[in-house]
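Naming convention: chains lettered A, B, ... in sequence-line order (proteins, then strands); numbering from 1 in each chain.
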Amino acid sequence: MSIADQALTEEMASRRDMIVCRGVKKWFGDFQALAGVDVTVKDREVMVVLGPSGSGKSTLIRCINRLEVHQEGEIVVDGVEMSNDMRNIEKIRSEVGMVFQQFNLFPHLTVLDNITLAPIWVRKRARVEAEAKAMELLERVGIPEQANKFPGQLSGGQQQRVAIARSLAMEPKIMLFDEPTSALDPEMISEVLDVMKDLARGGMTMMVVTHEMGFAREVADRLVFMESGDVVEVGTPEHFFTNPREERTKLFLSQIL
Amino acid sequence: MSEVTVPAAQRAPEAESVSPGRWVRENLFSSVSNAIQTMFFSLVLLGLLRWVLGQIFSEEANWTSVATNMRLLFTYNYPTEQFVRIWFAAGALFLAVGASFAAWNLNPMVTVRRVGVALAGTGAVSLVVGLIAPDTTPSAVRTGFFVVGIGLVALALAVLKVVPEPHRRQIPFIGLLAGVAGVICGVLWFFPFGDYGFADGAPTAESGTIDSSTSLPVTVMFLIMIGTYLAGRALARMIDLGWLRRTMIGWWVIGPAFIVFLVLRDPEFDWGYVLAVDVPMGAAFALGGGALLYLLAKPSRSELARVIGALLVALALFHWVAAFFGWYPMLQKARFSFALIAVAALLAPTFAGERAARLRFAGGWFGFMVLFHWLLTGINTPSTLDIAAPPFLGGFVLTVSIAYYVMLASFPLGVLLSLARTSKMPIFRVLATTYIEVVRGVPLITVLFFFSIMLPLFLPGGMGISDLAAVFAGYTVFSAAYMAENIRGGLQSVRRGQYEAADALGLTTVQRTAFIVLPQALRVSIPNLVGQAIATFKETSLIAIVGGFDLLRIANSTIPNQPDFLGQKRPALFFISLVYFVVAYSMSRASRNLEERLQAGQAR
């Protein structure tokens, strides 16, 4: 069994592969950010990626929707292999939602326009339909009353929830979260995590880079620990928090827990 | 977009009313050195004012030269019997101003206190002017300054005394503007301005009351503007403001085409030629192109659209090459239209969608083509090319027209150049950078000479360019390079995360640029773009050098050569400086207002 498939239950192993990374390598100049990463994310699985800063976890999930370009290895998302063909990339991007650390909402558009822009222009939805869907999503993340405000008028937690709604409006099959709570004030972290937990329970395939151990323990199906651009250990939350195998994992966990 | 209202509890407490005496003490005489500086600079200012007044009321300055030449300064030799065109265009413009004010509710409130202070200040200045005016000042004028000064100060004191809580009570700014415009109208009706016109090509001067052909229309214009504003505000509750705003933006973009047809239009315009050639050609491009785009905008045909777009690009390029070598004659309009349809075909996949979306896209093309052909027909007919007629456009109308069209045309060009310069494609980057650096390295006057004198020599047979179009093209080429640099600054301020978020949502590069990057970049560039617009407006004075009769040339050489006003340069130059200043300052204020409004919507 390869490292990518470790710690899968039999039922999980039989599910479809949503994200497959095989030997993914990436350099920034002379610095090697990813040193041959093997990871598989199954359908409806929640995978949390851990690791010290600079370990390549953000780079990895940014490669999955081609915000970074990997130089070696292959990445297959829902059966479509990532290549330089722009149409493939656009197809993958419209199937994969991404939530950023800095929210990256469009400051010149209202919350509603932020959410409906991509469905209208990429999915070619009618405006009325897209707005109804957007209101439904805002309802789901708990801030329908903010629909006509601009992002600059919202708190960080509210902005991040809008960002999640914006990604969901594209009806993605996979959601990527790149440290979604790291830029938030402590009192706002839980409101964002609640939305994410809700999403996970709904059966969304998720790959989450985070330092929120409570979230990882409660929601994750599997955890991946990365260091220096390489996967060190893969396991269930139970395995990680009770009896990690590798020394480096133990050291990291002892530092942040 | 909904209006954002800040609850009263969050507003900062209103500024306390400070008595004038305390304000002076705190700001002008707070310390010894401050007091000395205040005294010194006051004396310098007074000296300067006295010098200016000396120039204005000098016995050598004959202000009748300005008053009599008002028509010349504003419209040059535009035929009197065709004046209705200018009034019609001006009416359309004022209508649009009034409606825009209503659409965006551009009606800032001003506190009574501020009005009072402004009145008192103006009155005080008037009194000072009366006091220090030089001996050459006619006594009636001096008395006038005293009367106005005392009157204004008394009025200000009365207003501040009578109105309770003057620092809270607000009056609409538009009311003040209306008051000022009303005074101007009144002056036109009651003060003698004289008339200067052309009869059989020879100048004729008459002093006396200005023709009712001016005072009546100006008053009507003023009433139109106020009326539209009030009607717009009254209807604002009934109609969709978003719709009105979109309509007004559309109007400000297509309005020039409308005005070109009515005002800039050559009096020698050849209707037969237009009906036989221009109209059918425009219709063919508008209808045929619309039909083609409707077919190509089906989502399943995006491949076909790319192929046909590429073929059309090749065809368009070939037409330009053919023009260069003079292989076969073709109107420029047709060449431009081929290039445009090629670009539109390439854009078709981006706008592809349901039937309604396709119809909108095709309809957009149709409207655009109609306006495009209309504009080019208005400005560049064969009749303008062939007949060496004296310039029919001049004065303030020429200055404003050229400035407006140049801004309108160089803006999209500047946007494209800045995008090309920041593009990842080396060929675009190199071309744009070369263009920008070459144009920025050449004086404007050289560009203008090139377009008005040298370009016609290079053009192959069957092609020509009118003086006006040449000047317009030269300015546009020049201004676009600067616009591009201003917008590039804005592009660089858009954060990387914005690009990433747009990419992550699956937007195409065109969509990302149009919906995410440019709106943010342009917002940041507003101050620089307005600066550029002001510069363009003032630089139109260089038209004088390539043969146009703009404000500067009329003031500097036409008026001083009139038998009645030989050598009278100063009054006219002073007057046109004032005109330039008023327009430029209004633009500057408008841009500041726009920035504040945009910032109020979205704090970063």
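Salt-bridge check for B/E595 with B/R592: failed, with every basic side-chain N at 4.0 Å or more from each acidic carboxylate O. Under a 4.0 Å N-O distance rule, the pair A/K173/A/D43 does not qualify as a salt bridge. Remark: A/K26 does not engage A/E72 in a salt bridge, criterion side-chain N to carboxylate O under 4.0 Å.
Residues passing the salt bridge (Lys or Arg N to Asp or Glu O under 4.0 Å) test with A/R161 are A/E191, sequence neighbours excluded. Evaluation of the side chain to side chain donor-acceptor pair (under 3.5 Å) rule for B/R496 yields B/E500 as partners, not counting sequence neighbours. Partners of A/E74 under the side chain to side chain donor-acceptor pair (under 3.5 Å) rule, at least two apart in sequence or in another chain, are A/R22.
In this structure, chain B has a heavy atom under 4.5 Å from the side chain of A/E68, while its backbone stays farther away. Contact annotation for A/L105: only backbone heavy atoms (N, CA, C, O) come within less than 4.5 Å of a heavy atom of chain B. For A/F106, the parts sitting under 4.5 Å from any heavy atom of chain B are the backbone and the side chain alike.
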Does the pair A/I164 and A/F177 meet the rule for a side-chain contact (heavy atoms from CB on, under 4.5 Å), with working shown? CA-CA 9 Å; A/I164 295 175; A/F177 292 84; 4.1 Å; yes
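Of all residues spanning residues 116-137 of chain A, those with a heavy atom less than 4.5 Å away from chain B's heavy atoms are A/L117, A/A118, A/W121, A/V122, A/K124, arranged by number.
Among the candidates A/K91, A/M98, A/R62, the residue making the largest number of heavy-atom pairs closer than 4.5 Å to chain B is A/R62.
A donor-acceptor contact shorter than 3.5 Å links the side chain of A/Q160 to the backbone of A/P180.
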